Amino acid sequence: MNARGHMAGTFTATVENLPQVTPEQREAIVSAPRTSEMHRAFMADIPAMSMVETGGAARGATIPQAFTVAAWNLERGLFPEKSAALLASQTPDIVLLTEMDCGMARTAQRHPTAELASALGMHYSYGVEFFEIGLGGETERPYCVDSHNQIGWHGNAILSRAAPVASVLIRLDDHGHWFVDGDFVVDRNQPRIGGRMAIATIIPTDAGNICVASVHLESNGDSAHRAAQTERLIEALDQFAPDVPVLIGGDLNTGNSRDNPDWRDEALFDLARVNGYSWENNAEGTTTRPSLLTPHPTRKMKLDWFASRGLSMDGASIIPALDPNGEPLSDHELIVGHFGVA
């Protein structure tokens with residue numbers, strides 16, 4: 001295991017298997033007061049909240065100088081085999097994943113990230129966004145194979161055809177947005193420990209190292225909240241990979257606000273531009289669709305993005321998240337971008 005990072009909110013310890021929450025810890029979470037102080041105490045007490053799980057097998061020592069990246073919010077990872085087939089059709093060198101379960105009853109207690117990495121012949125780095133005690137929402141419970149979660153992780157991941165030089169977990173908040181009593185608590189009977197985060201890795205290419213980050217920003221927040229998370233992410237990446245080209249991708253939840261649902265008004269776009277990032281390599285169009293778990297027929301949003309700094313850009317596309325029979329694999333489309341090291 002590598003030494004833990006010393007940057008505030010960032011952790012570089014890597015393990016083959018994340019240590020699980022104990023029954024005693026779980027009971028303490030259920031019965032604890034819903035305060036930020038208690039949440040921070042639980043975060044510090046659960047080792048997996050400050051570790052990166054790594055596994056899989058990379059096919060090569062480097063990826064090409066011109067490379068393809070796929071980013072996908074896979075909405076738990078309900079269909080690993082079909083999702084792997086759609087990803088394989090795009091021949092990505094790097095895959096940025098968000099909302100990935102591990103040991104959850106709703107996804108058959110599986111580890112979809114590890115299964116995707118195996119199917120695609122890629123290395124993976126996985127980090128925990130939330131420890132979830134409950135079985136999920138009403139649309140998720142019919143898919144549960146048990147009355148409990150064996151592990152209860154939900155997080156982000158990066159798959160790559162070359163093993164990374166380094167990996168880091170970047171925590172974007174620790175106050176318990178989905179735990180404390182307040183305006184944002186969706187279901188008080190299903191407490192979650194954790195918060196929005198990113199996984200970043202340094203990956204070798206034929207022309208030198210690059211840094212890539214898979215990020216999931218807050219859905220139950222406003223533009224200022226997501227901009228603050230973006231600022232923390234950029235600062236952490238500057239410390240983790242100074243003077244290295246950077247690609248950020250994932251579900252930024254842009255426009256996911258009750259008061260102002262227009263993604264164009266998000267402050268994070270200009271904030272990233274000021275820090276040297278470009279948003280030019282994104283395809284036109286919305287990136288959500290109705291799914292089996294999120295059956296909203298009129299929901300059309302643009303939530304998923306690439307932002308790059310120090311890389312050439314050669315086009316992007318939005319791939320429908322459908323299996324060969326037209327069944328949805330996620331409530332987010334797959335986005336694909338082509339980049340290069342200058």
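From a predicted model like this one, the values you see are computed outputs, not experimental measurements.
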For Arg232, enumerate each residue passing the side chain to side chain donor-acceptor pair (under 3.5 Å) test, keeping only those at least two apart in sequence or located in another chain. none
Applying ring-ring contact (aromatic ring centres under 6.0 Å, His included) to Trp305 and Phe269, what does each step give before you reach the verdict? CA-CA 10 Å; Trp305 298 87; Phe269 292 115; 4.9 Å; yes
Note, His154 side chain near Val128 side chain (heavy atom, < 4.5 Å): no
For Phe42 and Ala28 the tightest heavy-atom approach is CZ-O, 3.5 Å
Excluding sequence neighbours, so at least two apart, what forms side-chain contact (heavy atoms from CB on, under 4.5 Å) with Thr286? Lys300
Quick one: is the NZ or CZ of Arg192 closer than 6.0 Å to the six-membered ring centre of Phe130, and within 45° of its axis? yes
Do Asp331 and Leu292 have side-chain heavy atoms sitting under 4.5 Å apart? no
Begin from the C-alpha positions of Thr12 and Val52 and carry the test side chain to side chain contact (heavy atoms under 4.5 Å, CB included) through to its verdict. CA-CA 7 Å; Thr12 55; Val52 178; over 6 Å; no
Can you sort out the partners of Pro295 under side-chain contact (heavy atoms from CB on, under 4.5 Å), two or more places apart, ordered by chain and number? Thr139
Residue pairs fulfilling side-chain hydrogen bond (donor to acceptor under 3.5 Å, both in side chains) with at least one residue in residues 206-215, sequence neighbours excluded: Thr62-Asp206
The side-chain contact (heavy atoms from CB on, under 4.5 Å) partners of Pro80 (sequence neighbours excluded) come to Arg110, Pro112, Glu115
Starting from the C-alpha separation in whole Å, work towards a yes-or-no answer on salt bridge (charged side-chain N to carboxylate O under 4.0 Å, His left out) for Glu132 and Arg106. CA-CA 11 Å; Glu132 300 204 16; Arg106 65 194 177 197; 3.6 Å; yes
Under 3.5 Å donor-acceptor, Glu140 side chain and Gly137 backbone: yes
Under 3.5 Å, is there a donor-acceptor pair between the side chain of Glu333 and the main chain of Ala321? yes
Those residues that, when tested against His148, pass ring-ring contact (aromatic ring centres under 6.0 Å, His included) (two or more places apart): none
Does either side chain, that of Glu218 or that of Trp178, offer a donor lying less than 3.5 Å from an acceptor on the other one? yes
Taking side chain as C-beta onward, heavy atoms only, is Leu252 less than 4.5 Å from Asp304? no
Closest heavy-atom pair and its distance - Leu303, Thr254: CD2-O, 3.2 Å
Has the side chain of Asn73 got a donor or acceptor atom that lies under 3.5 Å from a matching backbone atom of Glu99? no
What is the ring orientation for Phe131 with Trp153, classed by angle as parallel under 30°, tilted 30 to 60°, or perpendicular over 60°? perpendicular
With no hydrogens and no angle check, do the side chains of Glu53 and Asn17 hold a donor and an acceptor under 3.5 Å apart? no
Report the C-alpha separation of Phe339 and Val69 in whole Å, then their side-chain angles, then the decisive distance to 0.1 Å, and conclude whether the side chain to side chain contact (heavy atoms under 4.5 Å, CB included) test is met. CA-CA 8 Å; Phe339 299 88; Val69 181; 4.3 Å; yes
By the side-chain hydrogen bond (donor to acceptor under 3.5 Å, both in side chains) test, which pairs, at least two apart or in different chains, include something from residues 311-326? Lys82-Asp323
Quick test of your reading: applying ring-ring contact (aromatic ring centres under 6.0 Å, His included), list the pairs with at least one residue in residues 79-125, sequence neighbours left out, ordered by first then second residue. His111-Tyr124, His111-Tyr126
Ring centre gap for His177 and His225 strictly below 6.0 Å: yes
Contacts of type side chain to side chain donor-acceptor pair (under 3.5 Å), residue Asn275, not counting sequence neighbours: none
Working note: Thr294 + Arg289, criterion side chain to side chain donor-acceptor pair (under 3.5 Å); need CA distance, chi angles, decisive distance, verdict. CA-CA 8 Å; Thr294 311; Arg289 69 164 45 251; over 6 Å; no
Give the intermediate values and the outcome of side chain to side chain donor-acceptor pair (under 3.5 Å) for residues Glu75 and Ser291. CA-CA 9 Å; Glu75 195 184 24; Ser291 72; 2.9 Å; yes
Does Arg59 have any side chain to side chain donor-acceptor pair (under 3.5 Å) partners at least two apart in sequence or in another chain, and if so, which? none
Between Thr98 and Trp72, is there a side-chain donor-acceptor contact under 3.5 Å, judged purely by atom types and distance? no
Residue pair Val30 / Ile133, side-chain heavy-atom distance below 4.5 Å: yes
Determine whether a donor-acceptor pair (N or O, by modelled atom type, separation under 3.5 Å) exists between the side chain of His338 and the backbone of Met313. no
Please examine the side chains of Ile335 and Ile319, heavy atoms only from C-beta on, and report whether any two atoms are closer than 4.5 Å. no
Can you check side chain to side chain contact (heavy atoms under 4.5 Å, CB included) on Tyr277 and Ser308, steps first, answer last? CA-CA 5 Å; Tyr277 285 86; Ser308 63; 5.6 Å; no
Distance only, no hydrogens: is a donor on one side chain within 3.5 Å (strictly under) of an acceptor on the other, for His332 and Thr287? no
Is there a donor-acceptor pair under 3.5 Å between the side chain of Asn156 and the backbone N or O of Met197? yes
Contact summary for Cys211 and Ala200, nearest pair of heavy atoms: SG-CB, 4.4 Å
May I have the step-by-step check of side chain to side chain contact (heavy atoms under 4.5 Å, CB included) for Leu86 and Leu334, ending in yes or no? CA-CA 9 Å; Leu86 184 58; Leu334 170 64; 4.2 Å; yes
All N/O donor-acceptor pairs, side-chain side in residues 157-169, below 3.5 Å, sequence neighbours left out:
residue, atom, partner, partner atom, Å
Ser160, OG, Ala162, O, 2.8
Arg161, NE, Pro92, O, 2.8
Arg161, NH1, Leu120, O, 3.2
Arg161, NH2, Pro92, O, 3.2
Ser167, OG, Ser125, OG, 3.1

Closest approach of Ala66 and Asp93, non-hydrogen atoms and distance? O-OD2, 4.5 Å
With Glu129 via side chain to side chain donor-acceptor pair (under 3.5 Å) - residues at least two apart: Arg196, His216
Could you walk me through whether Arg309 and Asp238 satisfy the salt bridge (charged side-chain N to carboxylate O under 4.0 Å, His left out) test, starting with their C-alpha distance in whole Å, then the side-chain angles of each, then the deciding distance to 0.1 Å, before giving a yes or no? CA-CA 11 Å; Arg309 184 173 70 185; Asp238 286 345; 2.7 Å; yes
Nearest 0.5 Å, what's the CG-OG distance between Leu87 and Ser89? 7.5 Å
With a 4.5 Å cut-off on side-chain heavy atoms, are Gln109 and Asp101 touching? no
For a quick test of reading the model, state the closest non-hydrogen atom pair linking Ile151 to Cys102 and the distance between them. CB-O, 3.6 Å
Is the side chain of Glu27 donor-acceptor paired with the backbone N or O of Glu24 at a distance under 3.5 Å, no angle test? no
Answer yes or no: is there a donor N or O on one side and an acceptor on the other, between the side chain of Arg226 and the main chain of Asn253, under 3.5 Å? yes
NZ/NE/NH1/NH2 to OD/OE distance under 4.0 Å, Asp174 and Arg171: no
